[in-house]
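Remarks on the structure that follows.
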Amino acid sequence: MLKRIRRTAAEELKIPRDVILGEVLISFVGKHQVSIENYRSILAYDDQTVRLQTQSGKVEIRGKHLRIDYYNQEEMRISGQIRELVFDDGRSLT
């Protein structure tokens with residue numbers, strides 16, 4: 001119920017959902033770089049997969065030669081040959 005109230009407030013006040021609801025914000029720069037904001041933790045990391053926990057579930061970035069360029073408590077940047085972004089519910093953005 002609280003999430004629904006926050007969502008309605010965000011819509012009415014024209015405030016971005018990522019600010020009110022803490023949703024993950026993912027930005028791509030071509031196929032070789034992705035920035036991720038509002039993640040909670042790194043679950044797995046190697047040169048082919050970066051798996052993250054977010055408030056709304058898990059997100060997995062797949063590719064080749066992946067590396068985390070930097071990260072802090074709020075955001076990170078991943079570079080390499082990004083092939084796929086998969087959400088924990090099976091949805092895939094390729």
Side-chain angles (χ1 to χ4, degrees):
M1 174 144 164
L2 183 59
K3 189 173 182 179
R4 186 179 53 168
I5 292 169
R6 287 181 179 174
R7 185 177 299 133
T8 302
E11 290 171 4
E12 292 296 320
L13 297 172
K14 307 288 190 242
I15 299 172
R17 291 173 54 122
D18 62 299
V19 172
I20 293 291
L21 302 175
E23 290 186 358
V24 65
L25 182 61
I26 303 170
S27 304
F28 285 89
V29 178
K31 294 182 178 182
H32 298 285
Q33 193 176 85
V34 62
S35 295
I36 301 169
E37 296 178 46
N38 298 332
Y39 75 97
R40 287 193 172 171
S41 63
I42 300 170
L43 301 174
Y45 169 50
D46 61 34
D47 68 336
Q48 295 182 5
T49 305
V50 179
R51 187 168 173 82
L52 306 171
Q53 180 68 49
T54 71
Q55 183 170 326
S56 57
K58 294 176 180 66
V59 173
E60 187 169 311
I61 294 92
R62 299 176 185 163
K64 291 183 178 181
H65 313 294
L66 298 180
R67 69 178 179 278
I68 297 175
D69 294 328
Y70 74 87
Y71 69 97
N72 59 36
Q73 292 178 340
E74 298 171 4
E75 67 179 320
M76 73 168 45
R77 185 173 64 209
I78 299 167
S79 60
Q81 294 177 353
I82 299 166
R83 304 237 184 223
E84 191 172 19
L85 172 70
V86 179
F87 295 92
D88 67 343
D89 62 1
R91 291 181 295 152
S92 173
L93 300 175
T94 55

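Atom-to-atom distance recorded for Met76:CE and Glu37:CD is 11.5 Å, nearest 0.5 angstrom. Between the CD atom of Glu84 and the CZ atom of Arg62 there is a distance of 4.5 Å, given to the nearest 0.5 Å. Atom CZ in Arg77 sits 11.5 Å away from atom CG in Asn72 (nearest 0.5 Å). Summarising the geometry, atom CD belonging to Gln73 is positioned 12.0 Å from atom OG belonging to Ser41; distances are rounded to the nearest 0.5 Å.
A salt bridge between Glu60 and Lys58 is absent, with no side-chain N of the basic residue lying under 4.0 Å from a carboxylate O of the acidic one.
Put simply, Leu43 and Val86 are part of two different groups of oily side chains (I, L, V, M, F, W, Y) that touch within less than 4.5 Å, one to the next. Ile42 and Leu85 fall within the same hydrophobic cluster, where Ile, Leu, Val, Met, Phe, Trp and Tyr residues are linked whenever their side-chain heavy atoms come under 4.5 Å apart, directly or through other members.
Of all non-hydrogen atoms in Tyr45 and Arg67, the two that sit nearest each other are OH-CA, 3.2 Å. Summarising the geometry of Gly63 relative to Arg83, their closest heavy-atom pair is CA-CG, 3.6 Å, with the distance given to 0.1 Å. The shortest non-hydrogen separation linking Ile78 to Ile82 is O-CD1, 4.2 Å.
Between Val24 and Leu52 there is no side-chain heavy-atom pair separated by less than 4.5 Å. With contacts defined as side-chain heavy-atom distances shorter than 4.5 Å, the pair His32/Ser79 does not qualify. Residues Leu66 and Thr49 form no side-chain contact, since every pair of their non-hydrogen atoms from C-beta on lies 4.5 Å or further apart.
Put simply, the side chain of Tyr39 never gets that close to the backbone of Val59: no donor and acceptor are under 3.5 Å apart.
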